[in-house]
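The chains referred to below are lettered A, B, ... by the order of the sequence lines, with proteins before strands, and numbering in each begins at 1.
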Amino acid sequence: MTGALGRNGGDPVPLALLPGRDLDDTSPPAWLSVLRELGASIPGEGWGTPQRPVFVTGSNFGVGGLYALRRFGETSFAAWGAPPTCTEEVRRALGWGPDVSILSHACVSAHLGLLEATRAVEAGLAEKALVLSFDFLSPFVSGGFHALKILNGDFPLPFREREAGSIGLGDGAAFAVVSREDGDFVLEGQSLFNEMHHFTANRADGSGFATCLAGVSGSAGGLRVWFKGHGTGTLEAGRMEVAAASQALPGAPITGWKGSLGHTLGSCGLVELAIAVEAIRCGTAPGVIAGPGAPMAGAVATENFSTGSFDGVVCASNAFGGAHAAFLLRHA
Amino acid sequence: MTDDPGRETPATTRDRLKAGFAPGSTRRMTVLGLIVGNALAQLDPTQEDSVLYASGYGESRALEDFLDSFPAPSPTLFQTSIHPSAVQQLLIGRQRAIREFMPLSGGDLLAFHALRASMLAPSARALLCGGEETGTWLLEHRLASERTFGFAAALARQPGTGSLGRVRLAHAEGKGSLGLAGLFDLLHTKTEFDGWIAPGWRMTLTWA
C-alpha cells in the first residue's frame, strides 16, 4: 500500500510500482531505464523510419513530471511534461528516427496503436511497425482515481462479487512488432466501440460491451477461445463484461489479471497481450486472483487453466467515455 | 470548418459558441472542447464515421486546474483533463456513439500522422478534427500551445458533391514536417500545398 499522494502522503492505496521506484518521479524519470532495457530487446533496426514507423501509446506519458514541476517547482521535469515532449525524449533515448506517432485514448490506447500498426502494414505503407505502450504511476494518476472513489484501501478482486468494487493501479510497459509475414501469433478481428454515454460509466444495459465483442466474435466463430477481460475490480463494469463475454463467446473461460498486476492504464492492452502470448506459449493461463467473494459467473476462471485445448484468446479493454476495444489472438 | 479565435478570452469563446450546445452544458466544457466540438458538430458525426482527433497538448487549462486542485484533487477535472476529452465533451453531451475514435498527439509530424490515420480508416467518411488551447503556466514551460484554434474536415475516398478540395499523400524521397498549427493554417486560409510533411512523405493539397 502506498500513499495516494506520494511524498505528500494521502490515503494508502494498492499500487504495483516497479521494484525500487517511488510514486513521485525523478528527473530523468526512473522508468526511463526500464524503457531502455525494453528497447534493447526489440528485434530489428531502423525504427521510426517510413518503412518502420513506431506507434507510442499511453494515457499519462510524463505527467508525473508535470506534477513535480507544479507542486514542487522542479523545472528539470519540464521536458517530460507533455505527450509530445515526453515521447521525443523517449525517442531520442531509444535511438529511433522521427516517424513516431502518439495515440492516447486512456485505457484502450494500446489497442489503437496495434490497430494503426496493423493497418499501416496491411496497406503496404510499412514493412513492419512497432507499438510501444507505457504508463507509469504518479500522484497525478493515483490522486485522480482516488478522487473518483474507485481507488481506495481495498485490493482489487476482478470478476468477484463483493460489497464494494475497488481497483488497484500498476506501472506497465510492453511492445509488439507487427509485420505481414513474420511472427508466431496473429491478431484478428480488431474491434472498437465508443458509447459516448458518460465520462466514467458505461451504458447500464451493457450494449457497449456487446457491440464491441460482436466485432470480434465473427473472427472467433467456430474457434475454441478463452476470454481475457478488462476486469479492473469495479462491480458494475465487471458484471456487464462477464455477461457480454458469456453471451458473445459461450463456454469461454473468463479471466482477468488486474488483481495481481494492478491496472496499468494506457499500457494494459499491450502488457496483458504479452502475458496472453506467454500463457499460450507455456500452456497455462492465470485465472483471476483468489480472494473472498463468489465469481460473477461460472465461466470465471478461479484457477489457472490449460490453454492447450483452445485455438486462441479474445483480449478486451475498456476506458473512460465508454470506450471498448477487443481483438482475437491466435497462433500463426 | 475552422475556428481561429485569436486572443479571444475563454469567456468570450464560451459566449460565442454556447448556442451550438445544449442549454447549460457549456458551463463545464473546456475552450478546446467548445472549439473542436463546435467544428465537429457541423459535420454531424454518425456511428459509422471514424473520428480522428489531433491535439499536441490537449486539455491544457484542465490540466493546470487539476494540478492546482491538489492536495484535494478534483474528480471532475481529472476526467476532463484526459487527452480525448474535447471530442468526448461534444459526443457525450449528444449521446452520440461512434465506432472508431482515434485521439492522436504529436509534434512536428502530427499533421502527417493524423492524415495517415484518416486515410487508413475503413469507414466511408473519416472525420478529422483537432485543435489546441493556450495554457497559462504550462505555456511558460513550453508545455502548451501558443495559439488556440480548432478545425474539422470530412475526408472521403471519392469526391462528393460540394467537396471543397483534395488531399493526397505519397511516398517520396525527401524531408519536411508539418505540425498541427501548420495544417490548420492551410485549411483556414484555403492555401494550396505541395511538399514534404514528414520524412519520405509528400502531401498535395488543392482546393476546388
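When the heavy atoms of residues 112-133 of chain B are compared with those of chain A, the residues falling under 4.5 Å are F112(B), H113(B), R116(B), A117(B), L120(B), A121(B), P122(B), listed by number. Within residues 44-58 of chain B, the residues approaching chain A closer than 4.5 Å by heavy atoms are, in numerical order, Q47(B), G56(B), Y57(B).
With respect to chain A, the highest number of heavy-atom pairs below 4.5 Å among H141(B), E64(B), R142(B) belongs to H141(B). Each of H83(B), Q88(B), Q95(B) has some count of heavy-atom pairs under 4.5 Å with chain A, and the biggest count is that of Q95(B). Residue with the most contacts toward chain A among L104(B), L91(B), L143(B): L143(B) (heavy-atom pairs, distance under 4.5 Å). The candidate with the highest count of non-hydrogen atom pairs below 4.5 Å against chain B, out of T85(A), N8(A), V56(A), V100(A), is V100(A). Here S105(B) is the residue among P71(B), G93(B), S105(B) with the most heavy-atom pairs under 4.5 Å with chain A. Per-residue heavy-atom pair counts under 4.5 Å with chain B were compared for P50(A), A78(A), S59(A), S104(A), and the maximum is reached by S104(A). Contacts with chain A were tallied for D68(B), L110(B), I82(B), D108(B); D68(B) has the most, counting heavy-atom pairs under 4.5 Å. Ranking F66(B), W201(B), F78(B), F101(B) against chain A, the residue ahead of the rest is F78(B), based on heavy-atom pairs under 4.5 Å. Chain B forms the most heavy-atom pairs under 4.5 Å with one residue out of S191(A), G97(A), S101(A), G321(A), and that residue is S101(A).
R71(A) touches chain B through its side chain: at least one heavy atom from C-beta onward sits under 4.5 Å away, while N, CA, C and O do not. Using a 4.5 Å cut-off between heavy atoms, T57(A) does not touch chain B at all. Interface residue R99(B): backbone and side-chain heavy atoms are both found under 4.5 Å from chain A. Of the two parts of E122(A), neither the backbone nor the side chain holds a non-hydrogen atom closer than 4.5 Å to a non-hydrogen atom of chain B. Within the 4.5 angstrom heavy-atom criterion, atoms from both the backbone and the side chain of L125(A) approach chain B. Both the backbone and the side chain of L66(A) come within contact range of chain B, with heavy atoms under 4.5 Å apart. Proximity to chain B (any heavy atom under 4.5 Å) is restricted, for L5(A), to the side chain, taken from C-beta onward. If you measure heavy-atom distances from T75(A) to chain B, the contacts under 4.5 Å come from the side chain alone. L138(B) touches chain A through its side chain: at least one heavy atom from C-beta onward sits under 4.5 Å away, while N, CA, C and O do not. Only the side chain of S81(B) comes within contact range of chain A, with heavy atoms under 4.5 Å apart. Using a 4.5 Å cut-off between heavy atoms, L109(B) touches chain A through its side chain atoms alone. Heavy atoms of A120(A) lying under 4.5 Å from chain B belong to its backbone as well as its side chain. In this structure, the portions of H105(A) lying under 4.5 Å from any heavy atom of chain B include both its backbone and its side chain. Of the two parts of T200(A), only the side chain, counted from C-beta on, holds a non-hydrogen atom closer than 4.5 Å to a non-hydrogen atom of chain B.
Looking at heavy atoms from C-beta onward, F55(A) lies out of side-chain contact with L130(A) at the 4.5 angstrom threshold. L69(A) has its side chain out of reach of W80(A): every pair of non-hydrogen atoms, C-beta onward, lies at least 4.5 Å apart. Considering only heavy atoms from C-beta on, C107(A) stays 4.5 Å or farther from F320(A) through its side chain. A heavy-atom distance below 4.5 Å is not found between the side chains of F193(A) and F209(A).
Put simply, the side chain of T87(A) never gets that close to the backbone of P84(A): no donor and acceptor are under 3.5 Å apart. Between the side chain of R52(A) and the main chain of A126(A), no donor-acceptor pair closer than 3.5 Å is present.
Residue D3(B) is tested with L34(B), I35(B), T148(B) for a side chain to side chain contact (heavy atoms under 4.5 Å, CB included); the sole match is I35(B).
Between R91(A) and D99(A) there is no salt bridge, since none of the side-chain N atoms of the basic residue sits less than 4.0 Å from a carboxylate O of the acidic one. Classification of R7(A) and E74(A) as a salt-bridged pair holds, one side-chain N sitting under 4.0 Å from a carboxylate O. A salt bridge links E100(B) to R119(A): one of the charged nitrogens lies within less than 4.0 Å of a carboxylate oxygen.
How far CE of M1(B) is from CG of L187(B): 12.5 Å, rounded to the nearest 0.5 Å. Once rounded to the nearest 0.5 Å, the distance linking OG1 of T264(A) with CG of L169(A) reads 9.5 Å. Between atom CZ of residue F149(B) and atom CG of residue L183(B) there is a gap of 8.5 Å, rounded to the nearest 0.5 Å.
Using bins of under 30°, 30° to 60° and over 60° for the plane-to-plane angle, the ring pair H111(A)/F327(A) lands in the tilted bin. Aromatic ring pairs are classed by plane angle as parallel below 30°, tilted from 30° to 60° and perpendicular above 60°; the pair H263(A) and F145(A) is tilted. H188(B) and F184(B) have parallel rings, their planes meeting at less than 30° on a 0 to 90° scale where 60° marks the start of perpendicular.
With ring centers used as reference points, H230(A) lies 6.0 Å or more from H324(A).
For the residue pair S27(A) and S76(A), a side-chain donor N or O sits within less than 3.5 Å of a side-chain acceptor on the partner. A donor atom on one side chain and an acceptor atom on the other are found under 3.5 Å apart for T191(B) and T189(B).
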List the steps, then state whether side chain to side chain donor-acceptor pair (under 3.5 Å) holds for E59(B) with T30(B). CA-CA 7 Å; E59(B) 300 293 340; T30(B) 63; 2.8 Å; yes
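Atom CD of E45(A) has 12 or fewer heavy atoms from other residues, nucleotides or ligands within 6.0 Å.
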